[in-house]
Amino acid sequence: MFISLLISIFMLPPQERMVTQHLSGMFDHGPLDQGQMQLQRTMKISKRFFAFGILTCIAVYVAYVKWHLGSKPFVGATEGVAESRGDKLSHQAVSTDLSVFYGIMFDAGSTGTRIHIFKFAQQPRETPRLTHETFKALKPGLSAYADDVEKSGQGIKELLEVAKKEVPMELWKFTPLVLKATAGLRLLPGEKAQKLLEKVKEIFQASPFFVRDNCVSIMNGTDEGEQLYRGSFCTPGNSSRRSVGMLDLGGGSTQITFLPRAKATLQTSPSGHTTSFQMFNHTYKLYSYSYLGLGLMSARLAILGGVEGKPLGEGEELISPCLPPGFKSEWQHAEIVYKIKGQKAGEPLYESCSNKVAKMLYKKVHRAGEVKDLDFYIFSYYYDCAAEAGLIDKEKGGSLTVGDFEIAAKYVCKTMEISPGNNPFLCMDLTYITFLLQELGFPKSQGFKLARKIDNVETSWALGATFHYIDSLNRLQY
Ligand SMILES: O=c1[nH]cnc2c1ncn2[C@@H]1O[C@H](COP(=O)(O)OP(=O)(O)O)[C@@H](O)[C@H]1O
Ligand SMILES: [Ca+2]
């Protein structure tokens with residue numbers, strides 16, 4: 001553009017070019033004749049045009065140099081969007097609004113669908129900072145609508161309304177909208193999961209936000225761990241709080257992700273369970289293992305003796321030593337209702353329950369030796385169960401050891417021998433967590449940090465995934 005402006009200056013008619021070259025000497029003549037007056041008028045126009053041309057050249061040159069020599073900014077989704085649409089108007093709006101942009105991530109989890117609306121601010125040539133998050137969750141999860149796809153749209157639309165209120169209208173069309181599904185959809189037959197995703201895509205495409213072809217997908221488990229980890233770098237004040245490991249216990253799957261210190265960990269880890277990502281000019285090589293079917297709700301079903309997606313036969317019921325003796329009820333999981341029952345009184349609950357749990361977990365988990373030497377944050381149902389058992393504050397979180405979970409499990413199970421209490425699953429859940437952590441390689445003395453929010457941001461893979469998505473739009477542009 002700069003060059004074409006220079007060319008256009010030199011393409012001026014010879015008379016005008018000459019006028020521009022001799023401008024300074026032409027103002028102190030006496031009275032003028034007709035021809036001279038005509039020439040002066042022409043000169044005045046050309047003078048203005050020349051000044052305008054010079055100013056434009058300088059402005060364009062400065063912009064050109066800045067663009068090429070300055071470090072490439074992390075382009076807000078907005079700029080990437082404008083470029084990919086070739087929309088000049090959008091681009092203008094973006095270049096003035098580059099410092100604030102939004103990203104919307106739907107987490108279609110097995111037990112619920114959640115919207116995360118992230119607001120980022122970016123100083124020129126700096127990495128964007130997360131400045132605010134709006135979060136809303138709905139139950140049940142998307143997978144619950146596998147046989148009634150039309151109904152699945154209602155919740156998605158409701159959550160989109162939250163996004164419309166939160167994101168300024170002029171930024172809607174620059175704000176990427178993405179949904180990633182986890183274990184609930186992974187556990188569904190492929191065709192049913194696909195229909196649900198298509199329905200969501202249809203709704204997204206009709207929304208005013210920016211949607212690309214890959215806006216809805218099922219995330220694989222290793223990715224889930226990686227994005228959770230990546231998110232820990234993106235929270236406000238991130239640099240001082242880079243965690244070493246993270247454990248996420250969802251409803252359908254559970255993840256362990258950490259940054260190994262020992263080379264042997266990556267060398268001996270099963271294939272497909274290591275991943276690496278780039279952040280702030282550094283490559284992080286992670287161990288990330290996701291276990292489908294070992295999320296808390298799926299584990300309950302397996303401990304009870306049921307099979308995912310398979311209803312019980314007429315008159316059948318699931319009897320478990322992990323439920324209060326004499327307890328009888330119905331339990332719904334993944335849209336199937338199971339009849340469940342506790343055993344007869346007399347057996348010590350914790351001992352018989354732990355035998356069942358140990359059998360269920362037998363040889364299902366890969367033990368990474370190094371984990372006992374690292375610091376871990378633990379989330380999701382680890383947090384919910386600890387709070388329910390009174391081990392941590394429901395709002396503030398806290399710190400716990402594997403041994404604390406075991407003591408709580410023994411206590412709750414013992415109490416249940418006498419009275420079922422408010423949550424008939426608590427003995428089972430705490431026993432499961434106690435065993436799962438040990439199967440993963442943690443000794444009873446291992447301490448964990450439990451946090452639901454860090455700096456007012458939900459601890460979830462959604463933040464890392466949004467960052468990653470926006471970054472990929474940025475890469476597309478360059
Ligand atoms: O954004 C979040 N913030 C805090 N907890 C969350 C968030 N998303 C999910 N959870 C927790 O995850 C658990 C449910 O897992 P989910 O439904 O995501 O299953 P999945 O990960 O196996 O698909 C619950 O304990 C829920 O509180
Ligand atoms: Ca989850």
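Because the structure is a prediction, the values reported are computed rather than measured.
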query = Listed by chain and number, what are the disulfide bond (SG atoms under 2.5 Å apart) partners of C385, not counting sequence neighbours?
reply = none
Does the [X] side chain pair with the main chain of [Y], one donor and one acceptor, at a distance under 3.5 Å?
X: K310; Y: G306; result: no
X: T459; Y: R452; result: yes
X: S354; Y: E351; result: yes
X: Q122; Y: E126; result: yes
X: D404; Y: T401; result: yes
X: E370; Y: R261; result: yes
X: E158; Y: G155; result: no
X: T131; Y: K119; result: yes
X: Y432; Y: L294; result: yes
X: K173; Y: E170; result: no

Below 4.5 Å, heavy atoms only, C-beta onward: do [X] and [Y] meet side chain to side chain?
X: M297; Y: Y381; result: yes
X: T431; Y: C413; result: yes
X: S99; Y: Q123; result: no
X: R367; Y: E439; result: yes
X: K180; Y: S217; result: yes
X: L301; Y: Y338; result: yes
X: I470; Y: F120; result: yes
X: P128; Y: F101; result: yes

query = Checking ring pair (Phe, Tyr, Trp, His ring centres under 6.0 Å) against F448, which of F405, Y377, F442, Y383 comes through?
reply =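 So, applying the ring pair (Phe, Tyr, Trp, His ring centres under 6.0 Å) to F448 and each of F405, Y377, F442, Y383, only F442 qualifies.
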request  = Go through the steps for E458 and H116 under the test side chain to side chain donor-acceptor pair (under 3.5 Å), then give the verdict.
outcome  = CA-CA 9 Å; E458 294 290 322; H116 299 256; over 6 Å; no
Does [X] pair with [Y] as a salt bridge, N-O distance under 4.0 Å?
X: K201; Y: D213; value: yes
X: K444; Y: E406; value: yes
X: K195; Y: E198; value: no

task = Please find out if less than 6.0 Å separates the ring center of Y287 from that of F258.
result = yes
ask   = Taking the six-membered ring for Trp, is the centroid-to-centroid distance between F467 and F118 below 6.0 Å?
value =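 No: the rings miss the under 6.0 Å criterion.
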key: R230/E226 under salt bridge (charged side-chain N to carboxylate O under 4.0 Å, His left out): CA gap, chis, key distance, verdict   = CA-CA 6 Å; R230 186 194 290 267; E226 180 193 316; 2.9 Å; yes
Do [X] and [Y] meet the criterion of a side-chain donor-acceptor pair at a distance under 3.5 Å?
X: Q267; Y: S269; answer: no
X: Q332; Y: E335; answer: yes
X: E224; Y: S290; answer: no
X: E166; Y: T134; answer: yes
X: E308; Y: S298; answer: yes

key: Stepwise disulfide (SG to SG under 2.5 Å) check, C427 with C353   = CA-CA 8 Å; C427 162; C353 180; 4.4 Å; no
request  = Start with the C-alpha distance between T415 and E417, add both sets of side-chain angles, then the distance that settles side chain to side chain donor-acceptor pair (under 3.5 Å), and finish with yes or no.
outcome  = CA-CA 5 Å; T415 321; E417 289 172 12; over 6 Å; no
How close do [X] and [Y] get, heavy atom to heavy atom, and via which atoms?
X: L374; Y: L259; result: CD1-O, 4.2 Å
X: L160; Y: S207; result: CD1-CB, 4.2 Å
X: Y289; Y: H366; result: CE1-CB, 3.7 Å
X: F204; Y: V178; result: CE2-C, 3.8 Å
X: Q255; Y: G225; result: CG-N, 4.2 Å
X: S110; Y: A183; result: CB-C, 4.3 Å

task = Show your reasoning for whether side chain to side chain donor-acceptor pair (under 3.5 Å) applies to N214 and Y469.
result = CA-CA 10 Å; N214 63 355; Y469 192 83; 2.9 Å; yes
query = Who are the ring-ring contact (aromatic ring centres under 6.0 Å, His included) partners of H468, not counting sequence neighbours?
reply = none
Side chain to side chain contact (heavy atoms under 4.5 Å, CB included) assessment of F210 paired with F174 = CA-CA 6 Å; F210 174 67; F174 309 123; 5.9 Å; no
request  = Applying side-chain contact (heavy atoms from CB on, under 4.5 Å) between Y382 and each of I433, D429, L400, report the one that passes.
outcome  =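 So the option named by the test is I433.
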task = Please determine which of V357, L361, L318 meets the side-chain contact (heavy atoms from CB on, under 4.5 Å) test together with I303.
result =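 In the set V357, L361, L318, the residue that makes a side-chain contact (heavy atoms from CB on, under 4.5 Å) with I303 is V357.
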inquiry  = Run V167 and I117 through side chain to side chain contact (heavy atoms under 4.5 Å, CB included) and show every step you take.
reply    = CA-CA 8 Å; V167 180; I117 304 153; 3.9 Å; yes
task = If the plane angle is over 60° it's perpendicular, under 30° parallel, otherwise tilted; pick one for H282 and Y284.
result = tilted
message = Working note: K192 + D147, criterion salt bridge (charged side-chain N to carboxylate O under 4.0 Å, His left out); need CA distance, chi angles, decisive distance, verdict.
response = CA-CA 8 Å; K192 287 190 175 188; D147 296 316; 2.8 Å; yes
Cationic tip of R300 above F425 ring, under 6.0 Å, 45° of axis =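 Satisfied, under 6.0 Å and within 45°.
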What's the spacing between [X] [atom1] and [Y] [atom2] if we round to 0.5 Å?
X: T466; Y: L130; atom1: OG1; atom2: CG; result: 9.0 Å
X: T257; Y: D223; atom1: OG1; atom2: CG; result: 10.0 Å
X: M360; Y: L436; atom1: CE; atom2: CG; result: 8.0 Å

request  = Tell me, with the steps shown, if T254 and L247 meet side chain to side chain contact (heavy atoms under 4.5 Å, CB included).
outcome  = CA-CA 7 Å; T254 184; L247 298 175; over 6 Å; no
Test side chain to side chain contact (heavy atoms under 4.5 Å, CB included) applied to L185 and L197, step by step = CA-CA 9 Å; L185 259 66; L197 292 181; 3.6 Å; yes
